[in-house]
Amino acid sequence: MVQRVRKAVLPVAGLGTRFLPATKVIPKEMIPVIDKPVVQYAIEEARAAGIEEFIFVSAYGKESITQHFSPAPGLERQLEEKGKTAELALVRGATLSTIHTVIQENPLGLGHAVWCAWPLVGDEPFAVILPDDMVLSQTPCLKQLIEAHAKVGGHVVAVEDVPREQTNRYGILDVLSDDGKLAKAKGLVEKPAPETAPSTLAIIGRYVLDPIVFGELDKKTKGAGGEIQLTDGLNRTIDRVPFHGLRFEGRRYDCGTHVGFVEANLAFGLARPEMAAKLRPLVKNLLEMK
Ligand code: G1P
């Protein structure tokens with residue numbers, strides 16, 4: 001019987017250097033896509049997948065992330081007095097009482113960030129969400145992973161096929177078997193060169209993991225880029241627990257790049273009926289402009 005996934009780890013300690021100067025004061029996870037901070041989309045996806053506890057692996061100076069999910073009594077009172085019920089619901093909808101924060105003192109890599117959450121996760125399966133990867137789908141991406149995990153157990157991560165020249169940006173699966181939806185891996189490589197990549201099946205920022213990985217991350221072995229890589233820790237557990245990549249239903253937008261961020265704004269805008277009708281002709285006009 002596979003244990004239920006109740007906790008999600010969100011690594012948010014990064015400096016967000018690619019988005020300077022926007023990230024000089026505002027954490028990159030707080031930059032909005034339309035009207036919601038990027039991190040709120042991740043939280044909403046996790047809640048829709050049944051996650052109950054949220055563990056932020058954060059850094060000093062990024063307190064506004066947890067503040068965003070705290071009650072705002074002054075603002076709430078004013079909205080109440082003005083009868084702004086819809087706005088009040090938006091503010092209250094962004095409140096969570098089951099948040100824990102752990103500080104990652106040094107940016108030693110994603111594997112290290114996840115390891116920092118070990119005491120708060122304990123010995124149960126857990127999710128990892130990288131908020132930079134936003135997914136637009138019918139069924140929340142993490143829910144799809146949790147459903148697959150209930151059947152196969154072990155580690156289940158979201159994957160997609162990427163162009164071969166991009167393998168050096170991702171964790172890549174060495175595929176053992178593949179039914180077109182679920183691919184079972186016999187190995188994993190972090191950011192391999194296109195010539196040596198064992199496949200083009202790439203991990204994107206959604207994971208459901210067996211806690212066995214913590215013991216491996218605890219060894220603090222450095223990998224690609226001199227960082228402690230989550231992919232490497234997972235690779236070293238592959239003989240003990242099954243590792244599956246799920247080709248999820250939906251589309252991923254990489255908010256970690258400028259172009260991906262603009263694309264995400266357009267895609268999420270077009271997905272909102274009240275915006276789509278106005279946005280469509282605008283985008284068309286822009287494209288036709290000389
Ligand atoms: C991280 C992981 C990588 C994964 C990617 C997904 O890389 O290390 O395995 O494929 O996230 O977005 P990063 O984007 O932090 O370089």
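Not measured: the values here are computed from a predicted model. We count ligands from 1, going down the list as the structure has it; atoms in each ligand are counted the same way.
- Between Val33 and Phe261, the closest side-chain pair of non-hydrogen atoms falls below 4.5 Å.
- With a heavy-atom cut-off of 4.0 Å, Asp254 does not touch ligand 1 at all.
- The protein atom (non-hydrogen) at minimum distance from atom 7 (O) of ligand 1 is Lys191 NZ, 3.3 Å.
- A donor-acceptor pair shorter than 3.5 Å can be found between the side chains of Glu53 and His100.
- Residue Arg169 has no N or O atom closer than 3.5 Å to an N or O atom of ligand 1.
- The side-chain heavy atoms of Gln144 and Ser137, taken from C-beta on, include a pair separated by under 4.5 Å.
- For Lys181 (side chain) and Arg247 (main-chain N/O), a donor-acceptor pair under 3.5 Å exists by modelled atom type.
- From the protein, the heavy atom lying nearest to atom 6 (C) of ligand 1 is Ile203 O, 3.4 Å.
- Taking a cut-off of under 4.0 Å to the non-hydrogen atoms of Gln229, the atoms of ligand 1 that pass are 8 (O).
- Put simply, atom 9 (O) of ligand 1 has protein non-hydrogen atoms near it, under 4.0 Å away.
- Contact annotation: the side chain of Val114 never approaches that of Val57 to less than 4.5 Å [non-hydrogen atoms, C-beta and beyond].
- Among the atoms of Tyr170, none of the N or O lies under 3.5 angstrom from an N or O of ligand 1.
- With respect to Leu188, the side chain to side chain contact (heavy atoms under 4.5 Å, CB included) criterion is satisfied by exactly one of Asp232, Leu173, Thr237: Leu173.
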With salt bridge (charged side-chain N to carboxylate O under 4.0 Å, His left out) as the criterion, how do Asp210 and Arg240 come out once you've worked through the C-alpha distance, each side chain's angles and the decisive distance to 0.1 Å? CA-CA 10 Å; Asp210 187 286; Arg240 285 173 278 163; over 6 Å; no
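- Nearest protein heavy-atom contact of atom 1 (C) of ligand 1 is Leu110 CD2, 4.0 Å.
- Atoms of ligand 1 found under 4.0 Å from any heavy atom of Thr231, numbered from 1 in the order shown, are 9 (O).
- Geometrically, ligand 1 and Leu130 share no nitrogen or oxygen pair separated by less than 3.5 Å.
- An N or O contact shorter than 3.5 Å links Asp133 to ligand 1 by distance.
- For an aromatic pair to be called close, the ring centres must be under 6.0 Å apart, and Tyr207 with Phe126 fails this.
- For atom 2 (C) of ligand 1, the closest non-hydrogen atom on the protein side is Glu190 OE2, 3.6 Å.
- Atom 16 (O) of ligand 1 lies below 4.0 Å from at least one non-hydrogen atom of the protein.
- The line from CG of Asp133 to CD of Glu160 is 8.0 Å long, rounded to the nearest 0.5 Å.
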